Every structure is written in C-alpha cells, then in structure tokens.
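Below, read A as the first sequence line, B as the second, and so on, with proteins coming before strands; counting in each chain starts at 1. All of these numbers come straight from a predicted model, not from anything done at the bench.
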Protein chains: 2
Amino acid sequence: MASLHDVARLAGVSKSTVSRVINDEYGVKEATKVKVKRAIEECGYVVNQVAKDLKSNKTNSIGIIVPRVASNATSQGVDGLSEIFEQAGKQVLLANSRLEPGKELQYIELFNQKRVEGIVMFATHIDDELVAAIKRSKAPVVLIGQDGSGFNIPSVIHDDYRVGYCAGEFLSQAGCKHVGFLGVQSDDIAVDQQRFDGFSTALKHLAAKPPKFHSQGQFSIASGRQEMANILSSNQQVDGVFCATDRIAIGAMQAIAAAGLVPGKDIKVIGVGNDEMAAVVTPGLSTFAYGFEPAGNNAAKMLLEIIEQGRSQVSKLVLGFDWVPRESA
Amino acid sequence: MASLHDVARLAGVSKSTVSRVINDEYGVKEATKVKVKRAIEECGYVVNQVAKDLKSNKTNSIGIIVPRVASNATSQGVDGLSEIFEQAGKQVLLANSRLEPGKELQYIELFNQKRVEGIVMFATHIDDELVAAIKRSKAPVVLIGQDGSGFNIPSVIHDDYRVGYCAGEFLSQAGCKHVGFLGVQSDDIAVDQQRFDGFSTALKHLAAKPPKFHSQGQFSIASGRQEMANILSSNQQVDGVFCATDRIAIGAMQAIAAAGLVPGKDIKVIGVGNDEMAAVVTPGLSTFAYGFEPAGNNAAKMLLEIIEQGRSQVSKLVLGFDWVPRESA
DNA sequence: TTGAAAGCGGTACCAG
DNA sequence: CTGGTACCGCTTTCAA
C-alpha cells in the first residue's frame, strides 16, 4: 500500500511536504499542494493511522469488555458508550468475554498492549484477580453494573439495594404476607445480593415476615419458570415474588399461570429492568425501569474525564430508577 | 511508559536480546533470560502492539459497522461475529453509525486508515454512494442483512423473498381472503421489498387476491400498532396480516385487540425473526425464526476466507429460517 | 549467544 | 516555502 514516501516520489517533493499537505498545514505553495494532491489520488494513498499512533504516542481508542452483547444491559449500554466516545473522537475496541471466566483478565492485558486510553468493563462479578488485573492496568478502568468503588475502581451502577427496598416496601404495603426472592448466582453482588438485601431490609423495617425463599437461578425466562415451579410445588404459601430481573419474573409468571393461579392477583410479581418484554406480556409486568443507555453515557463521560484530568470528580455514580406499575403487582 | 530500550538498559543487554526473550525465541542464554525478565518486571514493561503492528504491517483487527447495537439482529449478530474473530485472534473495532446516513461511509474510510484487515457491515440499505465507498475500500467488506452480491459485494442474508412467500402461502391456505403487509421504509430491500414480493407472489401463484395494503412504518411496536390501527379504522375487511418484523406484528396484535377483535381468530398475524418477545405475548406470535448469531458466524468466516485466500468461494450466503407456529396464525 | 543498524510510515525541528 | 534528518518502539538481518 502506498506510503508518504511513494506520494512524495510521485509528486517530486519531500515527505515533509506531503505530510504538510495532508494535515492542511499552512505555508505550502498552492501549486505544490495541487501536485501532491494529484499524486495522492493517483496512487490511492490512505493515511496510515498505525504509524501516526506510534509517532504521536496516542491511539484515541477505548476498550470495552462485555460478557455478551445480546442482552438489554450490554447492548443498550454499548450504544450509550459509543455515542459519547464517538463524539469525543475515540475509536471503540470491543472484546467479548462470552462469560468465560479469565477472558476479561486477558482482555485488560491485551487492551494495554494495544495502548487504549481507557477501558470500560461490564462486570458480572468482582474478585481479587479482577481487582488485581485492574490495578495492574495502565489504562484507567471504569466498571458498569457492579460496584468496584470499595476497591477504588470508578463505577457506574444502579441503585440495586434501594430497588430491592422499594420492592419489599411495595409488596408489603400491598398486603402480601408470604414473599420471596428469585435471584441469580450469589457472586453477582449487584443483581443477587444487593437487591435481596434491600428487599429483606424493607420487610424488617416494616415489621413484616422475612423472605421465605431466596432461590439462585440463571438470567433467563426458563430459569425463572423453573425456580418458581419448584417453590409452588413445595406447597408453601406465597403471595408475592420479587425477581432479580424481568426475564426471571416473566418465567415466574408463566409458572404461576401454569399452576392455575393468577399473577397479580393470587401472587404478585415484580421484576427489575423494564425490559421491553415486560410491557407486552399478559398480565403486564410491574417493574423498575433501569436506564442502561444513560449508564453507558455516564460511564463514558467518567472515563473521558479520568483520561483528560488524570482523575474523576466522582468515583461512583449511582443511577436511580423508575417504578413502572402494571398488572402483575 | 517503559519501552524495549528501557528494559534493555536496565538489564544491561541490547534491544535485540530483549525482543528475543519477549518473543520466546530460542538461542538466548538462560541467565540472560532471567536478567531480562527481572528487568521487565521491575519497570512494568508492556509490549507496544502499535509498534509491532507498524513493523509487521499487520494489525489483526476487523472493523464492524452497525446502525445500532440494541437490536436483535445486530446484538446477536455481533456476538456471532466476535466468536469467530476472537477464535481467529482478530481484535474487533466497533463503529456505531447510529442510523445517521453518511456515517457508515466515514467509518469505512476510518477503518482503512486504521488498517483493519476486513470490515463487516450491517446494512439497512444499499445506494450508489455506499457501493462506491466499499469499492474504494482496500479492506474487504462483507455485508450482513442486505444483498450486495449484485454489486459484487459478498453478503450474508436471510431468505427474505422466500419468507414472504411462505407467509403468503400460509395465510392463503389457512383460508384468509383479505390479507395485507405491514412493512418498513421502501429503501430497505431485504425487509420491505423482498418480503413483500415473496408475499404477493405466493398469493398470485395460489390464485388468491393480491395484498390489500402495504404500509410503510418503523421498526417498532408502536409503529406496528399505529399502522394496523389505521388499516382497521379504514373499515376495510382484513383477516390476515403479514408483518415485516415481530415487533411490528406485536404492535399489530395490540391494535387488533384494542379494536375488540381477536388476533389469530378474527385476524391472523405473522411476524418475522422469532424475537424472544414473540414467545411471551398473548396470543403467542407465529413467526419465522431467523438465526442472527449464525449469520454473524458465517459472515465472519466468509471475511476470514477472503482475507486469507484473497477471495471467497461463496459470494452470497442465503440462510434459511424455521416456521414457528403459535396461536396468532 | 549477543549487539549494531536499518527500516516500518509517519511527524517535527532545523536549515536553507 | 521546502527538504533533510532524527525518532516513535519494535523486528530482523548481518556480524562479531
């Protein structure tokens, strides 16, 4: 592929001059400019950004690590991130860890080799290894979805504790006496632990009975259905369920209906996220709306600030949520 | 940041030696290796991939252009792409055109400057400008979602014509006499034109009445609802609707129900895609399942083949679909 | 087994 | 206004 050198030779000028023309620097005679531009056309010259990056020691690129793209939180989050980054002239490198543990660590390393200016990571959990890898990273890292601020890692999260609290409060005040929580694996602090903690605490504050169950399933409709079916078949009394995610909640509603009961009437069901599906199921799923795209926007801004200022004013950004009442609760 | 040179100085050897140690080349004395490795640790040296890329004239990276990430087709498609690319050791650069016309063209140019080895583009339409930009690109381009093979652009698509044909056949054989199509903007060849063409053709072949309407809305539930409501309020007889996408179909079902009619009984409704939502609405949406992740897999493989062989055996890959009958038709 | 030097494709300083 | 040259960080002969 044609280089500056080739263009220079073709135009009968020096590399310096070609460089000046390309970068629109003043102080080049019009006639020379024309010659150079013609030469550029002629050999189909395309700037080599790799060489520029090396010379300038600046890549204008950002790494994003996701566990998978096809999920509400990540796909919308990535849209939110890319909006801001592209406005700022940053190119996005995407790495998909496909939920394989350890992959994230490799990608942090790889992004450092690629000399990205910063990294945004959608975290599903936090462990010592991850914290160590982030500490080791020369490129600043911002977390989305899990709170790493305890390890001094800037994070953008939703208020998972409070969402649980609100759910507990709501079910309690709606008259439910036998409630429980359908969660996910317990190493997911944000989605499982925090939401459950808030939930239990609300019940305690209201002097209601504590949760009768806390199941640990997957992030899927099928899993929610399964977990709920198990609970129902155990014959314990239930009149309210708080689910860690909307998909789990939808599965729960299916199990409830399958058992001949009516979600929203016999058993109230609440989800989290306000997945588009929540609006189209019957009965409509009452849930808490999370803004995933704004989370991306904010994480991007936070990272840019760290890159530019060396540090960020906020080390942790907690986003609120909206209660979206429908028929299920 | 520490460079080879720094490590060399620290270890008291030459750059060449450090390079050899880093790349695990044989012929370095064990003692020297140890010295070098210690030096690397000491100054926290991280390989500079930018310099390597420049030197080797190879970036091992692929550009992906999407109109947005948060959609079934793109988010699953990107998962499919990244799976194959990451297996092949290719880094993915993501560009989000946010549906802004012209942005795609810029990104093709930008990716060429970044010296990506190939580009995958999720296209919403094809026009002369785009074709020209792709022709200009030194990096090979593969299209997903629209057929560019007429312009000699390798493409991975679903069989949009035949899906329309099947829908027409189905509605006709189910006894519908007054059918129509809810489409999108007409410059979307794959989603609007092809699906409609197949649909009309089936009706013609079966000597059934041609479609009574072909509306042009957006890719959203709200738009489908609106378009269907318009049709219903026009008082024309309708007993079957084929919708360009599942979301449109779900909106249509809402409008039908709102008009006091029963989707699947009074008016049959068919969608395309098998969005997860199709399974959770009531009545369940009958639809054709498209494999978006496989589309990504295949596009990635096709691009890799072009990169490695200089050309691809297949210039166009047409993926099939599965009929998923539910209650709506 | 190791080092010196050239060069990848640019930029930028200094001369002329 | 233009050209020569050094250098960004690494790899790769070629010699020693």
To the nearest Å, how far apart are [X] [atom1] and [N] [atom2]?
X	N	atom1	atom2	answer
H5(B)	dT11(D)	NE2	P	15 Å
Q113(A)	dC10(D)	CD	C1'	13 Å
N57(B)	dG9(D)	CG	C1'	16 Å
I22(A)	dA12(C)	CD1	C1'	15 Å
Y45(A)	dG9(C)	OH	C1'	7 Å
L54(B)	dC7(D)	CG	P	17 Å
E25(A)	dC13(C)	CD	C1'	12 Å
K58(A)	dG10(C)	NZ	C1'	17 Å

(Q) Using a heavy-atom cut-off of 4.0 Å across all strands, would you classify V50(A) as base, sugar-phosphate, or nothing? (A) nothing
Whether [X] contacts [N] is assessed here as follows: a side-chain N or O lying under 4.0 Å from the phosphate OP1 or OP2. Is that the case?
X	N	result
K15(B)	dG9(D)	no
S16(B)	dG3(C)	no
T17(A)	dG3(D)	yes
S19(A)	dT11(C)	yes
Y26(A)	dT2(D)	no
N23(A)	dT11(C)	yes

Is a donor from one side chain sitting under 3.5 angstrom from an acceptor on the other, for [X] and [Y]?
X	Y	answer
Y107(B)	Q91(A)	no
T74(A)	S71(A)	yes
S137(A)	N112(A)	yes

Q: Hey, which sits more toward the 5' end of DNA chain C by its nearest nucleotide, K55(A) or V28(B)?
A: V28(B)
Q: Would you mind telling me which residue lines up with the more 5' stretch of DNA chain C, T32(B) or R115(B), judged by nearest nucleotide?
A: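 It is T32(B), whose closest nucleotide lies nearer the 5' terminus.
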Q: Measure from the side-chain heavy atoms of L4(B) and tell me the nearest of dT2(D), dT11(D), dG10(C).
A: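 Closest of the options to the side chain of L4(B): dT11(D).
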Q: Could you say whether R20(B) or Q49(B) is positioned toward the 5' end of DNA chain D, judged by the nucleotide with the nearest heavy atom to each?
A: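 Whichever sits nearer the 5' end wins; that is Q49(B).
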**Q.** Parallel, tilted or perpendicular, as decided by the 30° and 60° cut-offs, for the rings of H158(A) and F292(A)
**A.**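 If you compare the ring of F292(A) with that of H158(A), the planes turn out perpendicular.
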Q. Is there a donor-acceptor pair under 3.5 Å between the side chain of D79(B) and the backbone N or O of R68(A)?
A.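 No; zero donor-acceptor contacts below 3.5 Å.
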